[in-house]
Amino acid sequence: MNATSTVTKPEHVAIIMDGNGRWAKSRGLPRVAGHRAGVKTLRKLIEHSVKINLNAITVYAFSRENWQRPKSEVDLLMDLFISALNSEVKDLHKNNVKLTFIGDRSAFSRKLQNSINDSETLTTSNTGLRLNIAANYSGRWDIVQAIQVITKEIESNKIKIEDVDEALVSNKLSLADHNDPDLFIRTGGEQRISNYFLWQSAYTELYFTETLWPDFDAKQLDIAIDWFSQRQRRFGKTSEQIEQTQNS
Ligand code: IPE
Ligand code: IPE
Ligand code: MG
C-alpha cells in the first residue's frame with residue numbers, strides 16, 4: 001500500500017475469532033458447541049463482507065500453539081474444519097469467493113488436506129471476496145519459513161545477500177500477493193496478537209472488542225469498520241503532512 005494512502009474502508013481485514021470456549025462455558029455447554037456456533041458466525045460475517053464489498057478477510061482458525069490443547073478438543077476441531085469446508089464450499093463458490101489457506105497444512109490429516117486443496121482449486125478463478133484461512137499458522141513460523149527460502153536462494157546463487165531487503169522478505173511471506181491487513185479485529189476481550197501476523201501488521205490498525213466470537217455480528221463488523229475509517233494512518237509522518245496530501 002502507498003505510504004500516504006488515506007483509504008477509509010479497509011481493503012483487508014484480519015480477524016482473531018476468539019471466545020468460543022467462554023461462550024460455551026457460560027451456557028453450560030461443551031467447548032465444541034462454542035466452536036460450532038463460531039462457524040455459524042463466520043458464515044454470516046462472510047455473507048456480510050460480500051454484501052459490503054470487502055476485498056479480503058483473513059481469519060485465524062487454528063494457531064500452531066493450539067495443538068497444545070487437549071487432544072479431544074483438537075480432534076473435534078479438525079472434524080469441524082472438514083465438515084464446515086464440505087458444507088460451505090459450494091455456497092462460497094456460488095458467491096464468487098476465492099478461498100486460500102495459509103499455514104503448514106502438511107500437519108493435517110490427508111482427508112483435511114484434500115478438502116483444503118479441493119476448496120482452493122474450485123474457487124481459484126473467483127474474483128469476489130478473498131477469504132484467507134490461517135490454519136496451523138503463526139507469525140513466527142511464517143518469518144522462519146521465509147528465512148529458509150531466502151537462505152536457499154542465496155546458497156544456490158540465485159540472489160545475493162545485498163538483494164535481501166524488506167520487499168524481498170515480504171515476497172516470501174504468506175499472502176505476498178496481498179495488501180497487508182489494514183484492520184485487525186480480535187473478539188473475546190484479550191488485547192494481544194497471539195502470534196498472528198507479525199511482519200504484515202506493522203501498520204495495521206488494532207481493534208479489540210469484549211464480544212465473544214459467537215456473538216459477533218454484521219452490525220459489530222460495521223462498527224469496527226467505522227472505527228477504522230476514523231483513524232488517521234500516518235505511517236510515520238505528521239498529521240499536517242497527511243492533511244496536506246488529502247487536500248491536494
Ligand atoms: C477461539 O476460541 C477458537 C480457537 C482458538 C480454535 P477459543 O477456543 O480460544 O475460546 P476461549 O478463548 O477459550 O473462550
Ligand atoms: C488465538 O486464540 C488463535 C485463534 C483464534 C485461532 P487463542 O485463544 O489460542 O489465543 P491465546 O492462547 O488466548 O493467546
Ligand atoms: Mg481463546
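Since the model is a prediction, treat every value here as computed from it, not as a measurement. Order of listing sets the numbers, starting from 1, for every ligand and every atom in it.
Two different hydrophobic clusters hold Y196 and F228 under the rule that ILVMFWY side chains link at heavy-atom gaps under 4.5 Å.
The shortest non-hydrogen separation linking R192 to F184 is O-CZ, 4.0 Å. W199 and S170 make their closest contact through NE1-OG, 3.0 Å (heavy atoms, listed as atom of the first residue, atom of the second, distance).
Ionic pairing of E153 and K172 is present here: one or more N-O contacts between side-chain nitrogen and carboxylate oxygen are shorter than 4.0 angstrom. For R234 and E240, the salt-bridge test fails: no basic side-chain N is under 4.0 Å from an acidic carboxylate O.
Closer than 4.0 angstrom to ligand 2 lie heavy atoms from I16, M17, D18, Y60, A61, F62, S63, N66, R69, R186, R192, S194.
The side-chain tip of R231 points at the ring of W227 from less than 6.0 angstrom away and within 45° of straight on.
A ring pair (Phe, Tyr, Trp, His ring centres under 6.0 Å) check over residues 147-181, counting only residues at least two apart or in different chains, returns the pairs H12-H178. Residue pairs satisfying the ring pair (Phe, Tyr, Trp, His ring centres under 6.0 Å) criterion with at least one member in residues 21-53, sequence neighbours excluded, are absent.
Aromatic ring pairs are classed by plane angle as parallel below 30°, tilted from 30° to 60° and perpendicular above 60°; the pair F81 and F62 is perpendicular.
With a 4.0 Å cut-off on non-hydrogen atoms, K25 does not touch ligand 1 at all.
Taking the six-membered ring for Trp and the full ring otherwise, the centers of Y137 and F197 sit less than 6.0 Å from each other.
Here the protein contributes D18 OD1 as N, O or S atoms under 2.8 Å from the Mg ion (ligand 3).
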